[in-house]
Amino acid sequence: MRNLTEHNLTDAVLARLSECDDPRLKQVMTSLIKHLHGFVREIEPTPQEWMAGIQFLTTTGQMCDDVRQEFILLSDTLGVSMLMDAINNRKPAGATESSVLGPFYVEGAPEHHTGVDLAPGEGPGVMVSGKVSDLQGKPLAGAVLDIWQTAPNGLYHVQDSSADKYHLCGKVHTEADGSYRFRTLKPVSYSVPSDGPVGQLLDRLGRHPFRPAHIHFIVCATGFKPVVTQVYTEGDEYLESDAVFGVKNSLVVAYQPDGEEWQVNYDFVLEPAA
Ligand code: BEZ
Ligand code: FE
């Protein structure tokens, strides 16, 4: 086709997909082309604006390495990660709700029996306890809670070269009655990495880069669907404006004072594997 105009160009590009023999790829590219062309029609970017957009994506890619994934951060801060999470984790009533994994999960944390202290000699600490059960309330023995969180300096162990590997991380197994318990440090609210293009974008949009304090969990049990989630601290100043939109009411808990320290109780409910 020649002499294409702004009125028939989209159809001409879509027609080029006719030879694609992968139906899912064809569906994805059809939708992408329609939305991308629709975006350009709506915005009518100037050439300078289009180049600025391309430069932003280029810088975002250049910021990525083995431990820094700026594109995931972009997806997180635009709410796309939580939309993906919502679409892929539709839960039955009563099951623990999911939240965003985030970029700081590291596989291979040490395994512990219930009662472990993940921060010996450090404080202020919190004793976290509860149980893991199925949708009918039956306790799940031998379930595994894979736990990670920030230190009081607002950094995960992978971000902090002075921290021990797996600091404030661990896998805790439930007892015969489904109960679990571990001591950790009271989590703090912290900034997502803001020294790159995504941080600059947030700044230009008048948005802050903070997340409310939370502890991350992946809870697994044989025969059940694992849940990737976070337990947030009641009263945190960023609960309403989480930079990555991850907060759900059912995941917010109150920390109770316990002498010099804190305690918190949270029960997890898993749905059966499909
Ligand atoms: C996190 O909770 O660790 C996190 C999630 C999304 C972006 C950055 C950090
Ligand atoms: Fe986090």
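Just so it is clear, the values below take in all heavy atoms, side chains as well, and ignore hydrogens, waters and symmetry mates.
The two residues Tyr238 and Ser189 have their closest heavy-atom pair at CD1-CB, 3.7 Å. Closest non-hydrogen pair, Glu271 versus Ala95, comes out as CB-CB, 4.5 Å. Here the closest non-hydrogen pair linking Phe56 and Val198 is CE1-N, 4.3 Å. Heavy-atom minimum distance, Cys169 versus Leu118: O-CD2, 3.6 Å. Taking each heavy atom of Pro257 and Trp262 in turn, the nearest pair found is N-CE3, 3.7 Å. Closest of all the heavy-atom pairs between Asn89 and Ser98 is CB-OG, 3.5 Å.
Side chains of Leu57 and Thr59 form no contact here, defined as non-hydrogen atoms less than 4.5 Å apart. Using a 4.5 Å heavy-atom threshold, the side chains of Tyr232 and Val253 count as separate. Looking only at side-chain heavy atoms (C-beta outward), Asp203 and Ser194 stay at 4.5 Å or farther from each other. With contacts defined as side-chain heavy-atom distances shorter than 4.5 Å, the pair Leu202/Thr77 qualifies. In this structure the side chain of Pro193 reaches within 4.5 angstrom of the side chain of Phe104, judged on heavy atoms. Pro92 places a side-chain heavy atom less than 4.5 Å from the side chain of Leu135. Side chains of Val67 and Val158 form no contact here, defined as non-hydrogen atoms less than 4.5 Å apart. Side-chain contact check for Arg183 versus Val128: every heavy-atom pair is 4.5 Å or farther apart.
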Review point. Where do Val252 and Val247 land on the side chain to side chain contact (heavy atoms under 4.5 Å, CB included) test, with the steps shown first?
Key: CA-CA 8 Å; Val252 180; Val247 180; 3.9 Å; yes

Exercise for review: Quick one: do His157 and Tyr166 satisfy side chain to side chain contact (heavy atoms under 4.5 Å, CB included)? Show the steps, please.
Suggested key: CA-CA 6 Å; His157 69 106; Tyr166 295 124; 3.9 Å; yes

Practice item. Run the numbers on His216 and Tyr156 for side-chain hydrogen bond (donor to acceptor under 3.5 Å, both in side chains), then give the verdict. Key: CA-CA 11 Å; His216 290 264; Tyr156 287 85; 2.7 Å; yes

Point to revise | Candidate pair Arg68 and Glu70, rule side chain to side chain contact (heavy atoms under 4.5 Å, CB included), full reasoning | key: CA-CA 6 Å; Arg68 174 83 179 251; Glu70 194 78 356; 2.8 Å; yes

Point to revise | CA sep, side-chain torsions, deciding dist, call: Phe268, Val231, side chain to side chain contact (heavy atoms under 4.5 Å, CB included) | key: CA-CA 10 Å; Phe268 295 91; Val231 172; 4.2 Å; yes

Check your understanding: Can you list the steps and then say if Asp117 with Arg181 is a salt bridge (Lys or Arg N to Asp or Glu O under 4.0 Å)?
Key -> CA-CA 9 Å; Asp117 185 352; Arg181 193 164 55 89; over 6 Å; no

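Tyr266 and Thr96 are not linked by any side-chain donor-acceptor pair at a separation below 3.5 angstrom, with hydrogens and angles left out of the test. If you check the side chains of Thr184 and Gln149, you find a donor sitting under 3.5 Å from an acceptor. Under the 3.5 Å distance criterion, with hydrogens and angles disregarded, no donor-acceptor pair is assigned to the side chains of Glu107 and Tyr105. A donor atom on one side chain and an acceptor atom on the other are found under 3.5 Å apart for Ser75 and Ser81. Donor-acceptor pairing under 3.5 Å is lacking for the side chains of Glu6 and His37. Checking Asp236 against Thr233 by side-chain atom types alone, no donor-acceptor pair falls below 3.5 Å. Between the side chains of Arg41 and Thr10, at least one donor N or O sits under 3.5 Å from an acceptor N or O. For the residue pair Ser250/Glu97, the side-chain donor-acceptor check at 3.5 Å is satisfied.
Leu78 is connected to Phe245 through a chain of hydrophobic side-chain contacts under 4.5 Å among Ile, Leu, Val, Met, Phe, Trp and Tyr, so both are in one cluster. Linking Ile, Leu, Val, Met, Phe, Trp and Tyr whenever their side-chain heavy atoms come within less than 4.5 Å puts Leu17 and Leu9 in one cluster. Residues Tyr180 and Leu140 share a single hydrophobic cluster, defined by chaining ILVMFWY side chains whose heavy atoms lie under 4.5 Å apart. The cluster map of Ile, Leu, Val, Met, Phe, Trp and Tyr, joined by side-chain heavy atoms under 4.5 Å apart, puts Val227 and Phe224 in the same cluster. If you chain together hydrophobic residues whose side chains sit under 4.5 Å apart, Leu168 and Val106 never meet in one group.
With hydrogens and angles ignored, the 3.5 Å screen pairs no side-chain donor or acceptor of Asp267 with any backbone N or O of Gly130. In this structure, Thr174 contributes its side chain and Ala143 its backbone to a donor-acceptor pair below 3.5 Å. A donor-acceptor pair is defined here as one N or O able to donate and one able to accept, closer than 3.5 Å; such a pair exists between the side chain of Gln230 and the backbone of Val100. At distances below 3.5 Å, at least one donor-acceptor pair connects side-chain atoms of Thr58 with backbone N or O atoms of Ile54. With hydrogens and angles ignored, the 3.5 Å screen pairs a side-chain donor or acceptor of Glu49 with a backbone N or O of Thr46. At distances below 3.5 Å, at least one donor-acceptor pair connects side-chain atoms of Gln69 with backbone N or O atoms of Ile72. Under the 3.5 Å distance criterion, the side-chain polar atoms of Asp258 are left unmatched by any main-chain donor or acceptor of Glu261. In terms of modelled atom types and a separation under 3.5 Å, the side chain of Ser31 and the main chain of Val28 share no donor-acceptor contact. Under a 3.5 Å cut-off, the side chain of Asn8 and the backbone N or O of Thr5 do form a donor-acceptor pair.
Heavy-atom neighbours of Asp22 CG from other residues, nucleotides or ligands within 6.0 Å: above the threshold of 12. For Arg207, the CZ atom sits in a packed shell: over 12 heavy atoms of surrounding residues, nucleotides or ligands are nearer than 6.0 Å. Around NZ of Lys186, the count of heavy atoms belonging to other residues, nucleotides or ligands within 6.0 Å exceeds 12. Counting non-hydrogen atoms of neighbouring residues, nucleotides and ligands closer than 6.0 angstrom, the NE2 atom of His208 exceeds 12 such neighbours.
Atom CE of Met29 is separated from atom CZ of Arg24 by 13.0 Å, given to the nearest 0.5 angstrom.
A centroid separation of 6.0 Å or more is found between the aromatic rings of Phe182 and His112. You'll find the ring centres of Tyr190 and His214 inside the 6.0 Å limit.
Salt bridge annotation for Asp85-Lys248: present, with a cationic side-chain nitrogen under 4.0 angstrom from a carboxylate oxygen.
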